[in-house]
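Residue numbers start at 1 and run along the sequence shown. Quantities reported herein were computed from a predicted structural model and do not represent experimental measurements.
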Amino acid sequence: MRLTILAACLAVASGTFSSSIMAQTPNAAQLASDVEAKVLEWRRDLHQHPELSNREFRTSKVIAKHLESLGLEVQTGIAHTGVVAILKGAKSGPLIGIRADMDALPVTEEVDLLFASKATDTYRGQKVGVMHACGHDTHVAMLMGVAENLVKSKDSLAGDVMFIFQPAEEGAPAGEEGGAELMLKEGLFASRKPDQVFGMHVTSSMPTGMIGLRAGPAMASEDSFTITVKGRQTHGSRPWGGVDPIVASAQIINSVQTIISRRVDVTKAPAVVSFGAINGGIRSNIIPDEVELIGTIRTFDQDMRADIKVKLAEIATLSAQTLGATATTEIDAGYPVTVNNPELVAKMGPVIREVVGDDNLIEPGLITGAEDFSYYALETPGLFYFLGVTPAGTDPATVASNHSPAFFVDEKALKVGVETMTQLALTALGAVN
């Protein structure tokens, strides 16, 4: 054994063995550089051909073709248009999952790009523009690049990788199921559940190349609600002749504000209850039969989430009753809280820091937006981080946010995204220390 080691050392010193040694130690930075041009090409193609939730037909074909060219086991048609591929490492070990979402938004692009979207589609019965206004095109392109990198490194991997290309993160069309929840329902983790799952999202709120990562709750849960307040129609000049659901609705709106300000422990976690629409009445002199209130609930704690739902329905019912009206509350459960596993963050945070440097890894504040990556993180330890895409010299506070028709991605950030995710996978599977 000592002679073998000595011979290897002498071979390295003489340069005759250096290439084989290097081949055994994948370099994420070099791998990211090697695939960068392809990632940009994929991103621009996907950006020019965006597709709405559960309609990602062309996108899934592009993904599947690339994964099959890498020699991977590929499965299509999961949750309508989802694509999943498995890479088997050379040695036994854990299974990790890496997820990218695929869908675009019903937004008409205003960015002056050579590859700007001119696509249109029908959304809720209306013709709309379609745009990757949340950066999912970059997520797909980066994961395609990561897949290529890890295939090149498979002889060094002690474990396997599940590449998850997921449709409908922005929400399935009315009357349909979709997204992460449907992928799991259709058995994504049924045969073998990943030991860890990773995800990444671009954001205009940070400079290019900066990474945002926080342990524990990171993004809020999201639930929408509809409160139907029923009274009894009467002439506006004779309110005593009926029951006014508009006044009852006003009472409900005011009283609901006390849920957050007086009835939940906001030192435990912040929460938001907002009304977004009030529909009722047609004339100035007619008190209507019915008013509809629509809103959203955002929380960072699952127990608090459940408690707020109960209190909301209770306040609506009792407030209406005091004025002789009735109120029915329906809650449409949305995405759970996105929670980053603290142990996984403690292990992988230094890995990301090594790639981007101390100044480019921050702990962001809580985000009241929601993400269906949360469903995966309920099943197995998850790590979800943010990648800044606002160009240097531009104040992120002044640029268009995600979901805006003016949302812009500095493509220099994509190499950082590919390198960080490649490095996380290599570390998780023992290919690097």
Side-chain angles (χ1 to χ4, degrees), residues 42 45-46 49-88 94-105 121 130 132 134-148 150-151 159-201 333-336 338 370-384 421 425:
W42 292 324
D45 174 68
L46 294 167
H49 300 93
E51 296 171 299
L52 295 175
S53 301
N54 279 359
R55 306 292 185 268
E56 307 93 337
F57 303 113
R58 180 185 183 276
T59 304
S60 63
K61 289 179 180 177
V62 170
I63 294 166
K65 181 179 179 181
H66 174 62
L67 298 177
E68 288 166 356
S69 75
L70 298 176
L72 296 175
E73 304 172 18
V74 180
Q75 185 178 357
T76 60
I78 305 173
H80 305 296
T81 56
V83 182
V84 177
I86 301 294
L87 167 63
K88 295 186 179 297
L95 171 68
I96 65 167
I98 311 176
R99 173 270 208 167
D101 38 11
M102 304 158 53
D103 52 330
L105 288 160
D121 204 339
V130 183
H132 271 296
C134 203
H136 296 185
D137 53 335
T138 68
H139 301 168
V140 171
M142 286 188 286
L143 186 53
M144 289 170 69
V146 171
E148 183 162 326
L150 295 180
V151 167
D160 307 326
V161 185
M162 176 187 290
F163 300 104
I164 305 166
F165 292 87
Q166 177 210 300
E169 189 281 326
E170 299 291 356
E176 298 182 19
E177 294 181 277
E181 188 175 22
L182 184 58
M183 292 195 87
L184 291 168
K185 182 178 179 180
E186 293 188 357
L188 178 65
F189 291 173
S191 59
R192 186 182 175 194
K193 181 188 296 185
D195 297 276
Q196 301 166 354
V197 63
F198 299 92
M200 170 175 50
H201 204 299
Y335 300 160
T338 301
E371 238 291 346
D372 76 347
F373 180 86
S374 53
Y375 287 109
Y376 305 123
L378 286 176
E379 297 287 328
T380 193
L383 187 149
F384 192 79
M421 191 61 80

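Remark: the backbone N or O of Asp195 is paired with a side-chain donor or acceptor of Thr380 at under 3.5 angstrom. Checking side-chain atoms of His136 against main-chain N and O of Asp103 turns up a donor-acceptor pair under 3.5 Å. No donor-acceptor distance shorter than 3.5 angstrom exists from the side chain of Thr81 to the backbone of Phe57, with no hydrogens or angles considered.
Taking CZ from Phe165 and OG1 from Thr76, the interatomic distance works out to 13.0 Å, rounded to the nearest 0.5 Å. Rounded to the nearest 0.5 Å, atoms CH2 (Trp42) and NE2 (His66) are 3.5 Å apart. Rounding to the nearest 0.5 angstrom, the gap separating the NE2 atom in His201 from the CZ atom in Phe373 is 12.0 Å. Rounding to the nearest 0.5 Å places CD1 of Ile98 at 9.0 Å from CD1 of Ile164. Interatomic distance, Met183 CE to Phe189 CZ, rounded to the nearest 0.5 Å: 9.0 Å. How far CD of Glu73 is from CD of Glu68: 12.0 Å, rounded to the nearest 0.5 Å.
Sparse packing is recorded around CD of Glu181, with 12 or fewer heavy atoms of other residues, nucleotides or ligands lying under 6.0 Å away.
In this structure, Asn54 and Pro173 have side chains that are in contact, with non-hydrogen atoms separated by less than 4.5 Å. Two residues are said to be in side-chain contact when any heavy atoms from C-beta on lie closer than 4.5 Å; Pro94 and Gln196 fail this criterion. At least one side-chain heavy atom of Leu105 sits under 4.5 Å from a side-chain heavy atom of Cys134. Contact annotation: the side chain of Phe198 approaches that of Met421 to within less than 4.5 Å [non-hydrogen atoms, C-beta and beyond]. Contact annotation: the side chain of Leu87 never approaches that of Asp160 to less than 4.5 Å [non-hydrogen atoms, C-beta and beyond]. With contacts defined as side-chain heavy-atom distances shorter than 4.5 Å, the pair Ile63/Glu56 does not qualify. Side-chain contact between His49 and Thr59 is absent, with no heavy-atom pair separated by less than 4.5 Å. A 4.5 Å side-chain heavy-atom check between Pro336 and Leu378 finds at least one atom pair inside the cut-off.
Heavy-atom minimum distance, Leu188 versus Met162: O-CE, 3.7 Å. Nearest heavy atom pair, residue Val151 against residue Leu70, reads CG1-O, 3.8 Å. Scanning all heavy atoms of the two residues, the minimum distance from Ala141 to Leu46 falls at N-CD1, 4.2 Å. Smallest separation of non-hydrogen atoms from Ala370 and Glu169: O-OE2, 3.9 Å. Taking every heavy atom of both residues into account, Gly179 and Ala168 meet most closely at N-CB, 3.5 Å. Heavy atoms only, all atoms of each residue included: Gly382 and Ala377 are closest at CA-CB, 4.3 Å.
Between Arg55 and Glu176, at least one side-chain N (NZ, or NE/NH1/NH2) sits under 4.0 Å from a carboxylate O, which counts as a salt bridge. At a threshold of 4.0 Å, the pair Lys193-Glu379 counts as salt-bridged, since one of the basic side-chain nitrogens sits closer than that to a carboxylate oxygen.
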**OP:** Could you check Tyr376 against Arg99 for side-chain contact (heavy atoms from CB on, under 4.5 Å), going step by step and ending with a plain yes or no?
**Re:** CA-CA 9 Å; Tyr376 305 123; Arg99 173 270 208 167; 3.7 Å; yes
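The closest side-chain donor-acceptor pair between Asp372 and Gln166 falls under 3.5 angstrom.
Checking each of Lys61, Arg58, Lys65 against Asp45 for a salt bridge (charged side-chain N to carboxylate O under 4.0 Å, His left out) leaves exactly one that passes, namely Arg58.
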